[in-house]
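What follows is a structure written as structure tokens; I'll ask about it next.
Along the sequence shown, residues are numbered consecutively beginning with 1.
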Amino acid sequence: MNQEDLFKNIIAHAKEYGFVFQSSEIYDGMSAVYDYGQMGVELKNNIKRYWWEAMVHLHENIVGLDAAIFMHPKVWEASGHVGAFNDPLIDNKDSKKRYRADVLLEDYLSKQQEKIEKEVEKGRKRFGDTFHEAQFLKTNPNVLRVKEKIDLVTQKMSDALNQNDWEGLRQLILDCEIVCPVSGSRNWTEVRQFNLMFSTKMGSVSDEADQIYLRPETAQGIFVNFLNVQKSGRMKIPFGIAQIGKAFRNEIVARQFIFRMREFEQMEMQFFVRPGTEMEWYNHWKEARLRWHLSLGLGADRYRFHDHDKLAHYANAACDIEFAFPFGFKELEGIHSRTDFDLTQHQKYSGRKQQFFDPETNESYVPYVIETSIGLDRTFLAMLSAAYIEEALEGGESRVLLKLPAVLAPIKAAVLPLVKKDGLPQKAREVLDLLKFDMQTQYDEKDSIGKRYRRQDAIGTPYCITIDHQTLEDNMVTLRERDSMTQERIPIADIHGRIMSKISIGKYLKSM
């Protein structure tokens with residue numbers, strides 16, 4: 001199965017099993033806006049909890065915040081969003097479709113990278129066990145030719161973006177012979193900039209109402225509360241403030257399911273440090289955040305660092321942790337050294353000092369900031385993408401399996417009476433009552449036991465507990481493990497401890 005078909009199957013599976021629905025679907029939906037269903041909201045909440053435990057509860061010098069979505073409009077002037085929060089857009093004159101110019105080029109580069117991967121695969125088939133991939137990448141003329149093209153286009157794109165050279169960006173699109181995916185033509189308009197913030201009015205009378213914005217990021221809520229948290233919590237530098245919250249961007253080219261949406265959720269931490277120590281902390285958080293991702297056990301080969309070619313106006317260093325989605329490696333989390341830009345800007349626009357008096361150096365200064373910002377929805381999609389497996393079984397059967405990390409699974413244990421009579425449902429309810437206060441459980445008595453196992457596999461439930469007639473005699477149940485499908489008879493009294501030992505957040509976080 002190719003990656004495009006795989007992605008379509010993941011999207012269909014997400015709807016069929018209650019993970020993600022198109023928003024307002026009965027009214028033909030809204031583009032790039034989605035609702036999380038009964039399974040999706042559980043998975044989403046589990047991801048939040050896992051991040052919060054790792055980021056806040058494991059660190060004595062990081063605390064939480066929940067800032068309002070509505071903020072004074074001067075916040076966004078100070079942050080630069082009113083004047084500079086723009087995307088470079090280009091239209092195809094034939095299809096009338098609009099695209100982000102940089103995304104068109106990124107897609108082009110991804111296709112070039114795929115050519116290299118195909119050459120590697122050919123080499124592997126040709127040379128078999130003697131194949132040396134690193135040497136092949138350094139010496140194969142086809143690979144070197146494509147790599148040279150990738151490096152050249154990457155550099156030209158970076159230069160154009162850094163210099164706001166929109167004509168140069170358009171010319172690069174033409175030079176790469178990039179066509180519109182809809183019309184197939186290269187009839188492109190000029191590149192223009194478009195501000196991504198949603199604006200609205202706040203006030204009782206529309207003519208007198210103030211224009212405000214839906215926040216395009218959660219970070220500014222942390223910055224404007226820097227001194228509130230520092231003073232009320234008696235925090236000392238270095239310390240961090242973490243937040244999970246909604247953000248809104250008027251994405252013109254929203255696509256790839258929940259990867260790029262107009263309403264999304266971020267999990268961010270801003271870490272305030274002494275000026276001059278920012279690169280040390282930047283490198284610390286790069287490695288710490290990668291360890292968090294790896295602790296979920298999805299495989300190190302699915303992640304990679306990507307240093308930014310174009311730095312934001314507030315940053316002196318930036319990189320992404322990218323994840324191998326079905327549509328290629330894309331940004332999952334950003335780590336940025338934001339310098340003292342944000343606090344200095346808010347100090348300037350508000351007229352109020354945003355300084356910290358450091359008793360160790362006996363001086364006051366505006367702290368520098370290291371930011372870690374991870375997309376919750378993208379993490380959700382990463383989990384689905386990595387977990388979705390179509391597995392062939394013995395006897396010609398198959399199953400669709402969501403091999404989610406047990407700590408994140410929406411349902412931790414399903415309790416299944418073998419039949420709906422003979423006192424088995426009542427016994428199953430007793431088992432359910434032993435578990436439901438400490439983990440999310442599900443009771444299911446409809447259809448054959450085999451079909452019920454398949455349903456639980458499809459939503460990622462790590463354990464199924466089957467109650468049969470023998471259970472009534474010996475208080476033993478069958479515990480089925482999702483991935484291996486192995487079954488084991490264990491006492492009812494042992495179920496709680498056995499499952500909790502496998503799904504605890506602490507067990508996973510200790511592997512970081």
Counting neighbours of NZ on Lys156 that are heavy atoms of other residues, nucleotides or ligands and sit closer than 6.0 Å, is the number greater than 12?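 Counting neighbours around NZ of Lys156, 12 or fewer heavy atoms of other residues, nucleotides or ligands fall under 6.0 Å, so no.
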Quiz item: cation-pi between Arg378 and Phe259, 6.0 Å / 45°: yes
Measure up the Trp292 and Tyr50 rings against each other and bin them: parallel (under 30°), tilted (30 to 60°), perpendicular (over 60°).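 The rings of Trp292 and Tyr50 sit tilted, inter-plane angle from 30° to 60°.
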Salt bridge or not between Glu121 and Arg124? Use side-chain N to carboxylate O under 4.0 Å.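 Answer for the salt bridge query: yes.
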Given side chains that start at C-beta, do those of Leu109 and Met157 come closer than 4.5 Å, heavy atoms only?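 The answer is yes; the side chains approach within 4.5 Å.
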Tell me whether Ser158 contacts the main-chain N or O of Thr154 through its side chain, where contact means a donor paired with an acceptor under 3.5 Å. no
What's the spacing between Asn92 CG and Asn187 CG if we round to 0.5 Å?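 Reported value, rounded in 0.5 Å steps: 6.0 Å.
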Measure the spacing between OG1 of Thr461 and CZ of Arg455 and express it to the nearest 0.5 Å.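 Going from the OG1 atom of Thr461 to the CZ atom of Arg455 covers 11.0 Å.
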Should Phe248 and Leu196 count as side-chain neighbours, where that means a heavy-atom distance under 4.5 Å?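 Not in contact.
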Is the shortest heavy-atom distance from the side chain of Cys180 to the side chain of Asp94 under 4.5 Å? no
All heavy atoms of His346 vs all of Ala78, minimum pair found to be ND1-CB, 3.7 Å
Counting the benzene-type ring for Trp, do Phe325 and Phe327 have ring centres under 6.0 Å apart?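 They qualify: ring centres under 6.0 Å apart.
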Ile62 vs Met55 side-chain heavy atoms within contact, under 4.5 Å: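 The answer is yes, as the side chains (C-beta and beyond) meet within the 4.5 Å cut-off.
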Whether the Tyr314 and Ser79 side chains hold a donor-acceptor pair (N or O, under 3.5 Å, no angle test) is what I'd like checked. no
Could you tell me whether the side chain of Gln22 and the main chain of Glu25 form a donor-acceptor pair under 3.5 Å?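 No.
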Arg480 to Tyr453 six-membered ring, cation-pi geometry met (6.0 Å, 45°): yes
Does a donor on one side chain sit under 3.5 Å from an acceptor on the other, for Ser337 and Glu278? no
Side chain to side chain, Met261 and Val33, heavy atoms closer than 4.5 Å: no
Cation-pi geometry met for Lys15 and Phe21 (6.0 Å, 45°): no
Is the count of non-hydrogen atoms from other residues, nucleotides or ligands lying under 6.0 Å from Glu167 atom CD greater than 12?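 Yes, the 6.0 Å shell around CD holds more than 12 heavy atoms from other groups.
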Tell me, yes or no, whether the heavy-atom count around Lys507 atom NZ, taken from other residues, nucleotides or ligands under 6.0 Å, exceeds 12.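 More than 12 heavy atoms, drawn from other residues, nucleotides or ligands, come within 6.0 Å of this atom.
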Test your reading of the model: is there a side-chain donor-acceptor pair from Asp91 to the backbone of Lys93, 3.5 Å cut-off? no
Any donor-acceptor N or O pair under 3.5 Å, side chains Gln220, Asp342: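 There is such a pair (donor and acceptor under 3.5 Å, judged by atom type) between the side chains of Gln220 and Asp342.
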Separation between CD of Gln243 and OG of Ser373, rounded to the nearest 0.5 Å: 10.5 Å
Between the side chains of Ser110 and Gln113, is a donor N or O closer than 3.5 angstrom to an acceptor N or O?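 No - no donor-acceptor pair under 3.5 Å links their side chains.
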Kindly write out the residues that satisfy side chain to side chain contact (heavy atoms under 4.5 Å, CB included) with Gln442, not counting sequence neighbours, or none if the list is empty.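 For Gln442, the residues satisfying side chain to side chain contact (heavy atoms under 4.5 Å, CB included) (neighbours in sequence not counted) are Met39, Ile411, Gln456, Ile459.
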Pro410 vs Gln38 side-chain heavy atoms within contact, under 4.5 Å: no
Report, as yes or no, whether the 6.0 Å neighbourhood of atom CZ on Arg170 holds more than 12 heavy atoms from other residues, nucleotides or ligands.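 Check passes, neighbour count above 12.
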Against the six-membered ring of Trp285, is Arg289 placed for a cation-pi contact (under 6.0 Å from the centre, within 45° of the normal)?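 Here Arg289 fails the 6.0 Å and 45° test against Trp285.
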Any cation-pi pair here, Arg249 with Phe198, using under 6.0 Å and within 45°?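 No, a cation-pi geometry is absent between Arg249 and Phe198.
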What distance separates Ile335 CD1 from Met269 CE, expressed to the nearest 0.5 Å?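 These two atoms lie 10.0 Å from each other.
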What ring-ring contact (aromatic ring centres under 6.0 Å, His included) pairs are there with at least one residue in residues 164-191, not counting sequence neighbours? Tyr99-Trp188
Spacing of CG belonging to Leu169 relative to CZ belonging to Arg100, to within rounding of 0.5 Å: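 Rounded to the nearest 0.5 Å, the CG-CZ separation comes out at 11.0 Å.
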Would one find more than 12 heavy atoms of other residues, nucleotides or ligands at under 6.0 Å from atom NZ of Lys246?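 Yes, enclosed.
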Under the 6.0 Å and 45° cation-pi test, does Lys44 pair with Tyr36? yes
So that I know where these two stand, are Trp281 and Tyr368 an aromatic pair - ring centroids less than 6.0 Å apart? no
Verify whether one side chain among Gln270 and Glu371 offers a donor that lies under 3.5 Å from an acceptor in the other. yes
We want to know whether Glu42 and Asn46 form a side-chain donor-acceptor pair, criterion being a heavy-atom distance below 3.5 angstrom.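 Glu42 vs Asn46: no donor-acceptor pair found between side chains.
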Derivation of the side chain to side chain donor-acceptor pair (under 3.5 Å) call for Gln171 and Asp175: CA-CA 6 Å; Gln171 188 59 50; Asp175 292 344; 2.9 Å; yes
Taking the six-membered ring for Trp, are His13 and Tyr17 closer than 6.0 Å centroid to centroid? yes
Modelled atom types, side-chain donor and acceptor of Glu287 and Asn283, under 3.5 Å: no
Polar side-chain atom of Ser385 near backbone of Leu381 as donor-acceptor pair, under 3.5 Å: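 It does hold such a pair.
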Can you tell me how far the CZ atom of Arg302 sits from the CG atom of Leu296, to the nearest 0.5 Å?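 Answer rounded to 0.5 Å: 12.0 Å.
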Give a yes or no on whether the backbone of Leu89 and the side-chain of Asp87 come within a donor-acceptor separation of less than 3.5 Å.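 No; zero donor-acceptor contacts below 3.5 Å.
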To check you understand the geometry: which heavy-atom pair defines the closest contact between Gly64 and Val56, and what is its length? N-CG1, 4.3 Å
Can you find a pair of side-chain heavy atoms, one from Asp377 and one from Tyr34, that are under 4.5 Å apart?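 Asp377 vs Tyr34: side chains apart.
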Got a donor-acceptor contact below 3.5 angstrom from the Thr344 side chain to the Phe341 backbone? no
The criterion is side chain to side chain donor-acceptor pair (under 3.5 Å); which residues satisfy it with Lys122, sequence neighbours excluded?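 Once residues adjacent in sequence are excluded, Lys122 has no partner under the side chain to side chain donor-acceptor pair (under 3.5 Å) criterion.
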